[in-house]
Amino acid sequence: MVYINHWDEFMQAAQELLIKSPDKTRYLIKYRHIDAQLVLKVTDDVVCIKYKTDQSLDVKKMERLNHLFLRLMPSPQVDAETSSSILADIETGRLFQHPDEFHVKLTEFVEAAQQQVQAQTQHHVPAEGAEGKKKKKKGK
């Protein structure tokens, strides 16, 4: 686990990690109210990078990273060029080509996830009588 102290370095490392292994990369956000610290973590189970801050101004920077990951993770092609164009769109305030694009992308993502879950549950059919045995009461 590596804590990166500068935001630009963390953003670059997170972007490179996502480009290197898009299927395995996870992005976690943790807020500790006790000490008012926000911890961002990006990992692919081999490399783990973290950024810790207690500054409220860093929330805007975090939004930029959220938008980048939300646009890159479901996309079929993840490379440096795509990432750079998305960052440019984020900087100019043009997050999606038209307002409904986010809703459409989110709906597609949710439907794909639901289909995966259904496919996995169809393969796992419990055996007859496998619902569980009742426990006997002790003492009587």
Side-chain angles (χ1 to χ4, degrees):
M1 240 180 295
V2 177
Y3 275 100
I4 298 179
N5 296 325
H6 301 287
W7 175 257
D8 293 330
E9 291 175 17
F10 175 76
M11 182 79 169
Q12 183 67 30
Q15 187 176 350
E16 289 172 3
L17 192 61
L18 180 62
I19 290 169
K20 186 178 87 173
S21 57
D23 293 339
K24 294 183 180 181
T25 302
R26 294 188 316 267
Y27 171 54
L28 300 106
I29 303 168
K30 181 171 133 182
Y31 179 72
R32 289 179 41 101
H33 183 69
I34 295 170
D35 48 1
Q37 282 196 338
L38 180 70
V39 178
L40 306 175
K41 176 180 169 182
V42 179
T43 182
D44 67 350
D45 293 332
V46 176
V47 177
C48 178
I49 56 172
K50 286 186 168 185
Y51 178 78
K52 185 182 346 181
T53 184
D54 58 357
Q55 302 297 316
S56 61
L57 296 174
D58 287 339
V59 173
K60 282 287 188 191
K61 295 175 185 176
M62 184 191 74
E63 282 183 21
R64 189 173 145 211
L65 184 66
N66 285 342
H67 287 298
L68 175 68
F69 274 43
L70 281 172
R71 296 263 315 265
L72 280 179
M73 284 185 164
S75 68
Q77 179 184 4
V78 178
D79 57 10
E81 185 179 318
T82 307
S83 178
S84 297
S85 69
I86 290 173
L87 279 174
D89 288 348
I90 292 169
E91 293 298 321
T92 59
R94 198 180 107 223
L95 300 177
F96 297 99
Q97 276 73 20
H98 46 84
D100 292 334
E101 184 180 354
F102 176 74
H103 184 264
V104 170
K105 295 268 187 198
L106 183 62
T107 304
E108 289 173 358
F109 179 74
V110 169
E111 287 173 356
Q114 287 174 342
Q115 288 174 356
Q116 271 188 330
V117 168
Q118 286 176 353
Q120 289 175 352
T121 56
Q122 287 175 354
H123 293 295
H124 178 68
V125 178
E128 199 169 310
E131 57 270 349
K133 296 179 181 179
K134 294 182 180 178
K135 292 184 180 180
K136 293 181 181 178
K137 292 182 180 180
K138 291 183 181 180
K140 288 189 177 181

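In this text, all values refer to a predicted model and were calculated from it rather than measured experimentally.
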**Q.** Asp58 side-chain N/O to Lys61 backbone N/O, donor-acceptor pair under 3.5 Å
**A.** no
Q. Partners of Asn66 by side chain to side chain donor-acceptor pair (under 3.5 Å), sequence neighbours excluded?
A. Tyr27
Q) Does Thr43 have any side chain to side chain donor-acceptor pair (under 3.5 Å) partners at least two apart in sequence or in another chain, and if so, which? A) none
(Q) Under the side chain to side chain donor-acceptor pair (under 3.5 Å) definition, can you give me all pairs with a residue in residues 3-13, not counting sequence neighbours? (A) Gln12-Glu16
Q) Are Val46 and Val42 grouped together when hydrophobic residues (ILVMFWY) are joined by side-chain heavy atoms under 4.5 angstrom apart? A) yes
(Q) Same cluster or not: Ile29 versus Leu65, using hydrophobic residues (I, L, V, M, F, W, Y) connected whenever any side-chain heavy atoms lie under 4.5 Å apart? (A) yes
Q. So how far is it from Gln15 CD to Phe69 CZ, rounded to the nearest 0.5 Å?
A. 8.5 Å
**Q.** Listed partners of Asp45 passing salt bridge (Lys or Arg N to Asp or Glu O under 4.0 Å), at least two apart
**A.** Arg26
Q: Not counting sequence neighbours, which residues clear salt bridge (Lys or Arg N to Asp or Glu O under 4.0 Å) with Lys41? List them please.
A: none
Q: Answer whether the closest heavy-atom distance between the side chains of Leu17 and Lys20 falls below 4.5 Å.
A: yes
(Q) Assess the residue pair Lys50 and Val39 against the criterion (side-chain contact (heavy atoms from CB on, under 4.5 Å)); give the C-alpha distance rounded to whole Å, side-chain angles, the decisive distance to 0.1 Å, and a yes or no. (A) CA-CA 7 Å; Lys50 286 186 168 185; Val39 178; 4.3 Å; yes
Q: Would you please name every residue forming a side-chain contact (heavy atoms from CB on, under 4.5 Å) with Ala36, sequence neighbours left out?
A: Tyr31
Q: Taking all non-hydrogen atoms of both residues into account, name the closest pair between Gln55 and Thr53 and its distance.
A: N-OG1, 3.1 Å
